[in-house]
2 protein chains.
Amino acid sequence: MGEFQIENNIRVLRFQNGEMTQDELAQKAGVTRQTINAIEAAKYSPSLELAFKIAKVFDEPFENVFQYTKE
Amino acid sequence: MGEFQIENNIRVLRFQNGEMTQDELAQKAGVTRQTINAIEAAKYSPSLELAFKIAKVFDEPFENVFQYTKE
DNA sequence: ATATAGTGTAACATTTATTTTACATATCCG
DNA sequence: CGGATATGTAAAATAAATGTTACACTATAT
């Protein structure tokens, strides 16, 4: 069925960017820390807009933060 | 306020890919044609998963289909 | 020891995306 | 003309993302 899944590198990117906390990232992206927590934990994936905002916080190309990978 | 906005090139890409209809794209992406119509008309933006699926239908890099642009 | 920061999680409410059904219009072809 | 195809749109329902509030756990610092 769902042979592709969405993955992200948020956790790694947070630490690569001055050990940014979930709350800092949340504030910079304009959401709550629970939302960042849930996305990191892959409980669900962000909206397209939030995904773009997160990539922008890290100043990274979109596909460097989110990937749509097989299995 | 929202100084950035999400844009997409779905309409152009449909025609560049054999004049694919909204319904064809919808079926290949696993959604209804009304969803594709709404996204093309920018009534709302797709979920991250659907955005990835659409880029995959066109075999295009993600940022070639969706952009987060200023103004 | 206790206070603080960072994190995981959960229930409930609200907002947004998507489906379903349905109707309207325009074009193209017989 | 009449039928088929592609598109725009809308209301109501469901699903998914996000907010709010709250509690628990760990580590670290005072």
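A note on names: the letters A, B, ... follow the listed sequences, proteins ahead of strands, and every chain is numbered from 1.
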Using a heavy-atom distance cut-off of less than 4.0 Å, which residues of [range] contact DNA chain C?
| range | answer |
| --- | --- |
| residues 53-64 of chain B | none |
| residues 31-51 of chain A | A/Arg33, A/Gln34, A/Asn37 |
| residues 8-30 of chain A | A/Arg11, A/Arg14, A/Thr21, A/Gln22 |

To the closest 0.5 Å, what do you measure between [atom1] ([X]) and [atom2] ([Y])?
| X | Y | atom1 | atom2 | value |
| --- | --- | --- | --- | --- |
| A/Ile10 | A/Asn37 | CD1 | CG | 10.5 Å |
| B/Ile54 | B/Glu49 | CD1 | CD | 11.0 Å |
| A/Lys43 | A/Gln34 | NZ | CD | 10.0 Å |

Carboxylate-amine/guanidinium contact B/Arg14 B/Glu24, below 4.0 Å: no

Below 30° counts as parallel, above 60° as perpendicular, anything between as tilted: where do the rings of A/Phe52 and B/Phe62 land? tilted

Tightest non-hydrogen contact, residues B/Asn8 and B/Ile39, listed as ND2-O, 3.3 Å

Of the non-hydrogen atoms in A/Ala29 and A/Leu50, which two are nearest, and what is the gap between them? CB-CD1, 4.0 Å

Under 6.0 Å from the ring centre and within 45 degrees of the ring axis: does the NZ or CZ of B/Lys53 meet both conditions for the six-membered ring of A/Tyr68? no

Connected via hydrophobic side-chain network under 4.5 Å: B/Leu48 and A/Phe4: yes

Main chain of A/Glu63, side chain of A/Gln67: is a donor-acceptor contact present, judged purely on distance under 3.5 Å? yes

